[in-house]
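The model shown is predicted, which means the values in this text are computed figures rather than measured ones. Labels below follow one simple rule: chain letters A, B, ... track the order of the sequence lines, proteins then strands, and each chain is numbered from 1. Keep in mind that the numbers below use all heavy atoms, side chains included, and drop hydrogens, waters and symmetry copies.
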Protein chains: 2
Amino acid sequence: MKRRPTILDVAAQAGVSKSTVSLVLQGSPQVKPGTRAAVQTAMAEIGYVYNRAAANLRSASVGLVGLVINDLRNPFFTEFATTLQMTLASHGYATVIANADEDPALQAKLVASMIEHGVAALVISPVYGEGSETFDQLARSGLPVCQVLRKADERTELFPFASFDYAAGSVAATRHLIDQGARNIAFVGGLPGRAITRERKSGWREVLREAGLAEVALHGKSTRGFGLQAADQLIAEHPQVDAAICFNDLVALGLMAGFARAGRPVGQGFRVVGFDDIEEAAQSWPPLSSVSCDIAQFAQDTAARLLAWMVDQDRPAPELPSAVRLVARASSLGNET
Amino acid sequence: MKRRPTILDVAAQAGVSKSTVSLVLQGSPQVKPGTRAAVQTAMAEIGYVYNRAAANLRSASVGLVGLVINDLRNPFFTEFATTLQMTLASHGYATVIANADEDPALQAKLVASMIEHGVAALVISPVYGEGSETFDQLARSGLPVCQVLRKADERTELFPFASFDYAAGSVAATRHLIDQGARNIAFVGGLPGRAITRERKSGWREVLREAGLAEVALHGKSTRGFGLQAADQLIAEHPQVDAAICFNDLVALGLMAGFARAGRPVGQGFRVVGFDDIEEAAQSWPPLSSVSCDIAQFAQDTAARLLAWMVDQDRPAPELPSAVRLVARASSLGNET
DNA sequence: CATATATTTTGGATCGTTCCAATTCCAGTA
DNA sequence: TACTGGAATTGGAACGATCCAAAATATATG
């Protein structure tokens, strides 16, 4: 017979009752060491594998956390996802990662599937727009849900929101460019109307208005491809622009590639700052200045807050902005190596 | 009472039996449309959520596929993972993605956790080395297991292996560089001793020997950082080298950045070809020539093979190399725009 | 209309674990 | 020896779905 062995088989093999086997499985201290050893030997002998579905059915508490990411292909989010998974793993929780691919319908399906699978909590970097039923469903489930990096639902008492203080980063980046001598600073990338775009733009706008400088903004998707295309547009339509703050590093790297292609490599009179400080920023040429969001640290903090919520019923603050830090590299500095 | 409603509650609400509710849940065609509607209304009214753990316990067949990836941060693997997940989703299977982070111990833990969660099959791009117990465990589980992209276990009748025909790509890339006038072609990146490094190197070596050209190889991690560092080493120690085949695009992009930093931008007498043809290859400057592995297509093929195995007991071939295609771009062509 | 057949619906058994109250074991004490 | 109390072990009742064979209902046939 090919049937998977159960704890009853183990119990028979070890000459104890199924309850004792269950206690061993749970690492209870109240079984005698000798008995424990016998049970463990029996398990190894008959090749027993734990059936978590059965256990969950009875105990309801599952060491499973769901993670839904709007775009897992973006390295920034990949880093967040992998760090969160590893941090939770070190606390005995398994994480299921899913990619919503910026598709609200898929996101809804994934969330429903995770609830069905009985996750104990959910972390979501949501897709924008059309997501209200998803959050209504989450609200009904009563699960601990953390919104991270993107705020798609305003009910932050229900879905506490943690992200970075992008506005402050934007101010710092703009001041830095002005200090370096830039006078026509464009903002490139970010889809218009989104909260995160507004935030990353707000500091730039504020500083420019204070300084009485002109504003040029090119909006679009947050991809390398858009940056490439934006370079051409900037050169053709706004030749006076001498610096750019990009929505993220991917856009910035694309923009730099675009300027290089046009024969005006960044560093020679044109300055660029990105957002996120992904690993590649330090490795590109020229190295890219970026508003650094310590995403690994952020993922660890998120894990800690989530654990506090799940384990100690200690609900996180509704809004929590993490500090950012401007890392100045050659792409924005006056002198060029 | 805060108890989650069960199908019995739904049945009571709708005035039918639990069996009927179960049939509706499974989308059985044998319930009358009127009854179905009544049940669905009842579900909505009392906010029923399906309990998959309970269902799995009885039926054993779970629409769940595990995916373990050696390094999810590598965009090549991220693309594979997300495409596989989406393809399987369109066939009604949920996918749990986990990142082993090149850590054999973590990989073992993840695999064990997935088996416990009752996945119906597993796709693994394994970590190299120390993984034998992991595969022994998988063999014992009797699950359909596909090894993809990396072969860590030689028992390919048990764990069918699918990857790309890297050797052919390597031949094509080397011939191409020679055609373009290169005479000193280095191989950069890839950890020595690994099957995949041997494969990607084999064609290069073969062609060089045929042509009677010298061989220079720099081995290291498959990261942008190593490429950056390799550029300096190449310039300092092997100034005669006039072209490079890189283990992957990340190394190639790092190498190009390194050459640019050293004031010898690629395209002016130095040619580079990478492997994988990640999205960024076309967007860098200069655009990077690469041996294209259509990873999205590969992920879809993998999904199809896995489904055939799971559903029709149709076991895939033990070894299946997918064709690759050289995409020549400015980084390896004679003339520079 | 009675009967045969097809379509829907149903109650009980079952999956493999955990939980709980109850029982057994055993060393220490009177 | 008989008794006690804590430690170790146990059997039965859940958990919430699916499966199956049987029952109820609807439809077709002569």
Pairs where residues 77-87 of chain B contributes a residue and the test salt bridge (Lys or Arg N to Asp or Glu O under 4.0 Å) is met, not counting sequence neighbours | A/R73-B/E79
Contacts satisfying salt bridge (Lys or Arg N to Asp or Glu O under 4.0 Å) that involve residues 56-67 of chain A (not counting sequence neighbours) are none
From C/dT10, C/dC19, C/dT17, pick the nucleotide closest to the side chain of A/Q26?
-> C/dC19
Write out all pairs satisfying side-chain hydrogen bond (donor to acceptor under 3.5 Å, both in side chains) with one or both partners inside residues 28-49 of chain B, taking only residues at least two apart or from two chains.
-> B/Q13-B/E45
Mind calculating the distance between CZ (B/R36) and C1' (C/dT7) to the nearest angstrom?
-> 14 Å
Please list each protein N or O that sits under 3.5 Å from an N or O in nucleotides 4-7 of chain D, with the distance.
none

Provide, to the nearest angstrom, the distance between the CZ atom belonging to B/R4 and the P atom belonging to D/dA17.
-> 9 Å
Any A/D153 side-chain heavy atom under 4.5 Å of A/F161 side chain | no
4.5 Å side-chain heavy-atom contact, B/V148 and B/I124 = no
Is any NZ, NE, NH1 or NH2 atom of the basic residue among B/R150 and B/E102 found under 4.0 Å from an Asp or Glu carboxylate oxygen of the other?
-> yes
So what does A/L8 hit on the nucleic acid, given a heavy-atom distance under 4.0 Å: a base, only sugar-phosphate, or nothing?
-> base
Polar contact flag, side-chain donor to acceptor under 3.5 angstrom, A/S22-A/Q26 = yes
Who pairs with A/Q297 by side-chain contact (heavy atoms from CB on, under 4.5 Å), at least two apart in sequence or on another chain?
-> A/D294, A/Q300, A/D301
Contact nearer the 5' end of DNA chain D, comparing A/S19 with A/P33 = A/P33
Can you sort out the partners of B/L106 under side-chain contact (heavy atoms from CB on, under 4.5 Å), two or more places apart, ordered by chain and number?
-> A/M86, B/D101, B/D103, B/L110
Compare side-chain N and O positions of A/S22 against OP1 and OP2 of C/dT18 and report whether any pair is under 4.0 Å apart.
-> yes
CD1 of B/I7 versus C1' of C/dT14: gap in Å, rounded?
-> 13 Å
For DNA chain D, determine which residues of residues 11-18 of chain A have any heavy atom closer than 4.0 angstrom to one of its atoms, and list them numerically.
-> A/V16, A/S17, A/K18
Hey, is the main chain of A/V16 close enough, under 3.5 Å, to the side chain of A/T20 for a donor-acceptor pair?
-> no
Could you tell me whether B/T6 contacts a base, only the sugar-phosphate backbone, or nothing, with contacts defined as non-hydrogen atoms closer than 4.0 Å?
-> sugar-phosphate
Could you check which residues of residues 137-144 of chain B get a heavy atom under 4.0 Å from DNA chain C? Sort them by number, please.
-> none
Which residues, if any, of residues 38-59 of chain A bring a heavy atom under 4.0 Å of DNA chain D?
-> A/L57, A/R58
Would you check if the side chain of A/Q85 reaches a backbone N or O of B/N99 as a donor-acceptor pair within less than 3.5 Å?
-> yes
Angle between terminal axes - the helix from C/dC1-D/dG30 to C/dA30-D/dT1, 5 pairs each end, rounded to 10° | 50°
Presence of salt bridge, A/E319 and A/K151, under 4.0 angstrom = yes
Can you list every side-chain hydrogen bond (donor to acceptor under 3.5 Å, both in side chains) pair that touches residues 120-133 of chain B, not counting sequence neighbours?
-> B/N70-B/S125
Would you mind listing every salt bridge (Lys or Arg N to Asp or Glu O under 4.0 Å) that reaches into residues 106-128 of chain A, with sequence neighbours excluded?
-> A/E116-B/R52
N or O in side chain of B/T20 less than 4.0 angstrom from C/dT10 OP1/OP2 = yes
B/V119 versus B/L143: any side-chain heavy-atom pair under 4.5 Å?
-> yes
Can you tell me if B/R315 uses its side chain to pair, donor with acceptor, with the backbone of B/P144 under 3.5 Å?
-> no
